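Since the structure comes first, as structure tokens, the remarks are kept for the end.
As the structure is a prediction and not an experimental result, all values here were calculated from the model.
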Amino acid sequence: MQGLPLTRLVSRLLHRRSVGQVRAFQPALRVPIPNSGLPDFTYRALLVDAAGTLLIPSEPAAEVYLRYGSKYGVKLPTSEILSRFRRAYNSPWTLTSQRYVGDGRPFWQNIVTQSTGCDSSLLFEEIYDYYAQAAAWYVAPGAHAALQRLKDSGLKLGIVSNFDTRLRPILKGLRLDKLFDTIVISAEIGVEKPNPIIFEAACQELGVLPEEAVHVGDDRRYSCSLLPLSCCRLL
């Protein structure tokens, strides 16, 4: 979700004004626009992405990589590490059917190696363990209270995330695990966004129809071409 904190989203949802500020990326599922004469948008569940939307890294990744990597001879500037990280992360992953299988170690070891130019398994484990800690993340400002308001209003809440098995302990450490009615993680279910199956699984667990759910995330690639879901993104 770009440019709009969850706190502002909550205000718009609670007052049923958000429909005029979202765009549906699936052409067959149009979101009504105010004063258009179309019926109000009905929703019963909010599905939220984790990393980058609800959870924000406490430190820039390049700085973390350099801090740990310096012990293993990494001398690249953070700008170069960041560039390498982005290139590695956006490159096709072909070793397994999805990026995050189980604990996601093979994928993340490749990212660390490509980003730092260092293939030390010890370096990788230090960085991997760092990001397994709740302290490596913070909750988007105002998000916890905002989501609690939505839950108190009767809206069902779910997390749908492309993440590995570290996510549940992180959410628990940040006291977010009890806030959500369901948490669906790609590494556990065996499919990743934008596969509709992962969204359908969340809706099934919440007891809502796909068209009754709205998904909020920070990556347009995972918020489009979802056939059964009214998947929207705030402009």
Side-chain angles (χ1 to χ4, degrees), residues 1-2 6 48-93 95-141 143-144 147 158-180 183-193 198 216-219 221-222:
M1 183 173 59
Q2 293 182 340
L6 282 175
V48 182
D49 183 34
T53 301
L54 178 63
L55 305 181
I56 311 298
S58 298
E59 304 175 74
E63 294 181 10
V64 174
Y65 281 36
L66 181 58
R67 182 171 71 248
Y68 285 101
S70 60
K71 297 188 297 182
Y72 299 90
V74 176
K75 298 180 179 180
L76 297 172
T78 54
S79 59
E80 178 64 18
I81 292 176
L82 178 59
S83 177
R84 287 167 170 250
F85 177 93
R86 288 173 172 170
R87 185 164 57 249
Y89 190 85
N90 291 321
S91 296
W93 176 251
L95 294 185
T96 53
S97 59
Q98 60 186 57
R99 291 185 171 191
Y100 311 122
V101 176
D103 59 19
R105 272 185 162 83
F107 173 76
W108 286 114
Q109 185 159 20
N110 176 67
I111 296 296
V112 171
T113 298
Q114 295 297 322
S115 300
T116 63
C118 176
D119 62 1
S120 169
S121 60
L122 296 177
L123 168 59
F124 163 69
E125 290 296 338
E126 287 197 48
I127 293 176
Y128 183 89
D129 290 344
Y130 167 81
Y131 281 108
Q133 304 173 54
W137 307 86
Y138 68 90
V139 182
H144 193 288
L147 289 167
I159 286 180
V160 177
S161 179
N162 287 351
F163 213 107
D164 55 60
T165 52
R166 291 174 293 178
L167 182 56
R168 288 187 188 275
I170 291 170
L171 293 172
K172 183 176 182 179
L174 294 171
R175 300 180 180 180
L176 289 171
D177 56 321
K178 303 300 183 182
L179 181 61
F180 292 90
I183 298 172
V184 180
I185 304 170
S186 63
E188 296 178 350
I189 197 172
V191 292
E192 294 181 340
K193 296 182 287 185
I198 193 170
V216 178
D218 68 328
D219 195 326
R221 294 173 300 172
Y222 305 148

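A salt bridge is defined here as a Lys NZ or Arg NE, NH1 or NH2 lying under 4.0 Å from an Asp or Glu carboxylate O, and Asp164 with Arg99 fails to meet this definition.
Residues Arg67 and Tyr130 are in side-chain contact: their nearest non-hydrogen atoms beyond the backbone lie under 4.5 Å apart. You'll find the side chain of Leu147 reaches within 4.5 Å of the side chain of Phe180, heavy atoms only. When side chains are defined from C-beta on, Pro60 does not count as touching Thr78, because their heavy atoms never get closer than 4.5 Å. In this structure, the side chains of Asp49 and Ser161 come closer than 4.5 Å at one or more pairs of heavy atoms. Side-chain atoms of Ile170 and Tyr131, non-hydrogen and from C-beta on, never get closer than 4.5 Å to each other. Side-chain contact check for Ile56 versus Val139: every heavy-atom pair is 4.5 Å or farther apart. Within the 4.5 Å cutoff, no side-chain heavy atoms of Gln114 are placed close to those of Tyr89. Annotation: side chain of Leu55 is in contact with side chain of Leu171 (closest heavy-atom distance under 4.5 Å).
For the 3.5 Å distance criterion, the side chains of Tyr72 and Glu126 qualify, holding a donor opposite an acceptor. No donor-acceptor contact under 3.5 angstrom links the side chains of Tyr100 and Glu188, judged on distance only.
No donor-acceptor pair under 3.5 Å is formed between the side chain of Ser83 and the backbone N or O of Ser79.
Taking CD1 from Ile159 and CG from Asp177, the interatomic distance works out to 9.0 Å, rounded to the nearest 0.5 Å. Expressed to the nearest 0.5 Å, how far CH2 of Trp93 lies from CZ of Phe107 amounts to 7.0 Å. Between atom NE2 of residue His144 and atom CG of residue Leu54 there is a gap of 9.0 Å, rounded to the nearest 0.5 Å.
Across every non-hydrogen atom of Ile111 and Ser115, the tightest pair is O-OG, 2.7 Å. The shortest heavy-atom contact between Arg168 and Ile183 is NH2-O, 2.9 Å. Scanning both residues, Leu66 and Leu76, for their nearest heavy atoms gives CD1-O, 3.5 Å.
Around CZ of Arg86, the count of heavy atoms belonging to other residues, nucleotides or ligands within 6.0 Å does not exceed 12.
Under the salt bridge (Lys or Arg N to Asp or Glu O under 4.0 Å) criterion, Arg87 pairs with no residue at all, not counting sequence neighbours. For Ala132, the side-chain contact (heavy atoms from CB on, under 4.5 Å) criterion is met by Arg166, not counting sequence neighbours.
For residues 72-83, the salt bridge (charged side-chain N to carboxylate O under 4.0 Å, His left out) pairs, not counting sequence neighbours, are Glu80-Arg84.
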